[in-house]
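Report on the following structure.
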Amino acid sequence: MSKIAASARIHPLAVVEDGAVIGENVIVGPFSHVGPRVVLKDGVELISHAVVTGNTEIGRNCRIFPMAVIGGVSQSLHEAGESSSLTVGDNCTIREGVTMNCGTVGGGGKTVVGNNCLFLANSHVAHDCQLGNDIIMSNNVMLAGHVYVADRAILGGGCAVHQFTRIGRQAFIGGLSAVNYDVIPYGMLNGNPGVLGGLNVVGMTRAGIERSTIHAVRRAFKQIFEGEGNIRTNAAAIRDEYADCKEVIEILDFIAADSDRALSSPFRGKG
């Protein structure tokens, strides 16, 4: 049997399958479909014609617009019906036609989306993606499987992100960009193929980062990408110099971490 809170409003033309858990003040609009393993936490609204399926949990106060399909089986060629899940955090807005897939056993079995994220029309979150908080994905953004996106990143309309790619905190990806390689925190990437053009200074300023810190990050950026050694060697060499600047250390840690992808740079992708 479904567990439906007394304050929930289920339209008579909606389908809520046995086993679903529906929280307080949830609204399930007409022609929406809620699967048997779905949890809709308090305040969720499915406006109409929305599908939430699979082993999926939707956080508090999320709004899901028409024609979105959330929690569908992965599109991996290795998908064999194993148990997997999708978790969406609180206060997310999921606009028309958005798709989000559950994970795969080979990728850890979980797709995770953080809090306060905005997904504009027809954007796609594939299997095993891990997304942080306060992310904006514009119209038609495509994340392949196993992509990692950190807090406050902004992805411009129509950009495509290669599987296993990492996008650092507060990075900015320009519209129609091809993201083939990891993008450092605070980085700004544009083009096809994508080229790291510099830092997201506007975003850093809006986030309240002090001007002196921004100047330090800019200086470190030049040392990393324009130094005589390779990127990782240059990054390691300046760690002590910037020990008191957490923003630079965040970039250095990102560069030093293990990854399946190479790093985007101002030169990679240019002819």
Considering non-hydrogen atoms only, spot the tightest contact between [X] and [Y] and give its length.
{"X": "G174", "Y": "C159", "result": "O-CB, 3.8 Å"}
{"X": "S7", "Y": "N25", "result": "OG-N, 2.8 Å"}
{"X": "V141", "Y": "G156", "result": "CG2-O, 3.2 Å"}

Can you hop from I154 to I209 via hydrophobic side chains spaced under 4.5 Å?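 Unlinked, I154 and I209 end up in two clusters.
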Are L199 and I231 connected into the same hydrophobic cluster when the rule is that any two of I, L, V, M, F, W, Y join if their side-chain heavy atoms are below 4.5 Å apart? yes
Is a side-chain N or O of [X] found less than 3.5 angstrom from the main chain of [Y], in a donor-acceptor match?
{"X": "R232", "Y": "I255", "value": "yes"}
{"X": "D90", "Y": "R60", "value": "yes"}
{"X": "S177", "Y": "G194", "value": "no"}
{"X": "Q130", "Y": "K110", "value": "yes"}
{"X": "E79", "Y": "G81", "value": "yes"}
{"X": "D18", "Y": "P36", "value": "no"}
{"X": "N200", "Y": "M188", "value": "no"}
{"X": "N91", "Y": "N115", "value": "no"}

Side-chain polar contacts of residues 49-59 - donor-acceptor pairs under 3.5 angstrom, sequence neighbours left out - could you list them?
residue, atom, partner, partner atom, Å
T56, OG1, T53, O, 2.6
E57, OE2, K41, NZ, 3.3

Is it the case that more than 12 heavy atoms not belonging to R239 sit under 6.0 Å from its CZ atom? yes
Flag yes if more than 12 heavy atoms outside E210 fall under 6.0 Å of its CD atom; otherwise flag no. no
To the nearest 0.5 Å, how far apart are [atom1] in [X] and [atom2] in [Y]?
{"X": "M100", "Y": "L131", "atom1": "CE", "atom2": "CG", "answer": "7.5 Å"}
{"X": "I251", "Y": "R169", "atom1": "CD1", "atom2": "CZ", "answer": "10.0 Å"}
{"X": "L143", "Y": "S123", "atom1": "CG", "atom2": "OG", "answer": "8.0 Å"}

Side-chain donor-acceptor pair under 3.5 Å between [X] and [Y], yes or no?
{"X": "T213", "Y": "E247", "value": "no"}
{"X": "D128", "Y": "T111", "value": "no"}
{"X": "E17", "Y": "H33", "value": "yes"}
{"X": "S74", "Y": "N101", "value": "no"}

Kindly determine whether I70 and I94 satisfy side-chain contact (heavy atoms from CB on, under 4.5 Å), including the steps that lead there. CA-CA 9 Å; I70 310 302; I94 300 172; 3.8 Å; yes
What pairs with F221 under ring pair (Phe, Tyr, Trp, His ring centres under 6.0 Å), at least two apart in sequence or on another chain?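 For F221 the ring pair (Phe, Tyr, Trp, His ring centres under 6.0 Å) partners, ignoring immediate neighbours, are F225.
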Run the ring pair (Phe, Tyr, Trp, His ring centres under 6.0 Å) test against Y148 and tell me which residues pass, sequence neighbours left out.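 Y148 satisfies ring pair (Phe, Tyr, Trp, His ring centres under 6.0 Å) with no residue once adjacent residues are dropped.
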In terms of side-chain geometry, is the basic nitrogen of D258 or R166 positioned less than 4.0 Å from the acidic oxygen of its partner? no
Got I27 and I47 here, is their nearest side-chain heavy-atom distance under 4.5 Å? no
Answer whether the closest heavy-atom distance between the side chains of L196 and Y181 falls below 4.5 Å.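 Not touching, per the 4.5 Å side-chain cut-off.
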